[in-house]
Amino acid sequence: MNVQEVRATLTEMEDSMFGGLAAIDVFAKTSGMSIAGLRTSPRACALFNILFDRISDTLKKTGLPVPEYVHQTMLRLGEDGQVMIIVVDLSDKYRMGMALDCTRAQLGIMVSVVLPDAISRMRAALG
């Protein structure tokens, strides 16, 4: 595992979001403990981990025609959808969770440019 590369990727993600990244962590699936992050929140890591597992389990139980394995979850929260929570499965051991301020972050760039690049770099760094 190359933690320095993970941290560098997180910093570049923050720079790409024009001040819209409230917090981001890469954390262990088993414990919810952060291995790297910006404005790290142990509670958020634990909640992101639980949220991702519950959404995946619920989707499996519904019988809806969705892939059996969920790789990414995005939720917009708040009355005007001003906050977005994104949780990405990076490997069999790690996930990345983030909170975005949707009034500042450019979501199109985030979803089509920043996330795909960051996910591939993170997966390589986590080995």
Side-chain angles (χ1 to χ4, degrees):
M1 173 190 324
N2 185 341
V3 176
Q4 289 186 352
E5 178 62 23
V6 170
R7 287 186 180 129
T9 303
L10 294 176
T11 300
E12 287 179 28
M13 290 177 73
E14 180 177 42
D15 292 344
S16 300
M17 293 204 240
F18 309 106
L21 182 63
I24 188 167
D25 279 283
V26 175
F27 52 90
K29 289 182 184 182
T30 55
S31 65
M33 298 276 300
S34 177
I35 62 160
L38 302 171
R39 292 172 292 287
T40 298
S41 169
R43 286 183 180 166
C45 292
L47 290 173
F48 289 164
N49 214 19
I50 292 167
L51 176 70
F52 194 91
D53 285 339
R54 291 215 176 136
I55 288 172
S56 296
D57 290 344
T58 301
L59 286 172
K60 286 177 192 173
K61 291 176 185 176
T62 64
L64 292 171
V66 294
E68 187 172 315
Y69 185 71
V70 178
H71 295 280
Q72 190 168 300
T73 300
M74 296 181 184
L75 301 169
R76 285 192 78 168
L77 306 172
E79 201 169 295
D80 298 326
Q82 294 178 351
V83 175
M84 179 176 272
I85 302 297
I86 301 173
V87 184
V88 178
D89 224 2
L90 295 172
S91 72
D92 59 337
K93 295 181 182 178
Y94 300 102
R95 289 185 177 135
M96 175 174 58
M98 65 187 86
L100 299 177
D101 176 347
C102 295
T103 64
R104 300 178 83 184
Q106 295 186 8
L107 299 180
I109 291 172
M110 175 63 183
V111 171
S112 62
V113 178
V114 175
L115 267 180
D117 177 60
I119 290 169
S120 65
R121 289 179 59 194
M122 293 279 192
R123 287 181 175 152
L126 293 169

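None of these values were measured; they are calculated from a predicted model. Residue numbers run from 1 in the order of the sequence given.
In this structure, C45 and G32 approach most closely via the heavy-atom pair CB-O, 3.0 Å. Looking at every heavy atom in both residues, A8 comes nearest to R121 through C-NH2, 4.4 Å.
Of the inter-residue distances, the one linking I35 atom CD1 with T40 atom OG1 reads 10.5 Å to the nearest 0.5 angstrom. Summarising the geometry, atom CG belonging to D25 is positioned 11.0 Å from atom CE belonging to M33; distances are rounded to the nearest 0.5 Å. The CD1 atom of I85 lies 5.5 Å from the CG atom of L77; values are rounded to the nearest 0.5 Å. The CE atom of M122 sits 10.0 Å away from atom CG of D117, with the distance rounded to the nearest 0.5 Å. A distance of 5.0 Å separates CG in L10 from CD1 in I24, rounded to the nearest 0.5 Å. Here the straight-line distance linking atom CG of D53 with atom NZ of K29 works out to 8.0 Å at 0.5 Å rounding.
Each side chain to side chain donor-acceptor pair (under 3.5 Å) pair with one or both residues in residues 76-87, not counting sequence neighbours, would appear here, but there are none.
Take N2 and apply the side-chain hydrogen bond (donor to acceptor under 3.5 Å, both in side chains) test, not counting sequence neighbours, and it matches no residue.
Inter-residue side-chain proximity for F52 and R95 is flagged as met; some heavy-atom pair is nearer than 4.5 Å. In this structure the side chain of V26 never reaches within 4.5 angstrom of the side chain of V3, judged on heavy atoms. L115 places a side-chain heavy atom less than 4.5 Å from the side chain of M98. At a threshold of 4.5 Å between non-hydrogen side-chain atoms, the residues D101 and V83 do not count as touching.
Put simply, I119 and L21 are part of the same group of oily side chains (I, L, V, M, F, W, Y) that touch within less than 4.5 Å, one to the next. Following chains of ILVMFWY side-chain contacts shorter than 4.5 Å, one can reach F27 starting from L51, so the two form part of one hydrophobic cluster. Hydrophobic clustering (side-chain heavy atoms under 4.5 Å, transitive across Ile, Leu, Val, Met, Phe, Trp, Tyr) groups M96 together with L38.
By the neighbour-count criterion of 12 heavy atoms within 6.0 Å, atom CE of M1 is densely surrounded, having more than that number from other residues, nucleotides or ligands.
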Could you go step by step and tell me if V111 and I86 meet the side chain to side chain contact (heavy atoms under 4.5 Å, CB included) rule? CA-CA 10 Å; V111 171; I86 301 173; 5.7 Å; no
What side-chain donor-acceptor pairs closer than 3.5 Å can you find for residues 13-20, not counting sequence neighbours?
residue : atom : partner : partner atom : Å
E14     : OE2  : R39     : NH1          : 3.0
E14     : OE2  : R39     : NH2          : 2.7
S16     : OG   : E12     : O            : 2.9

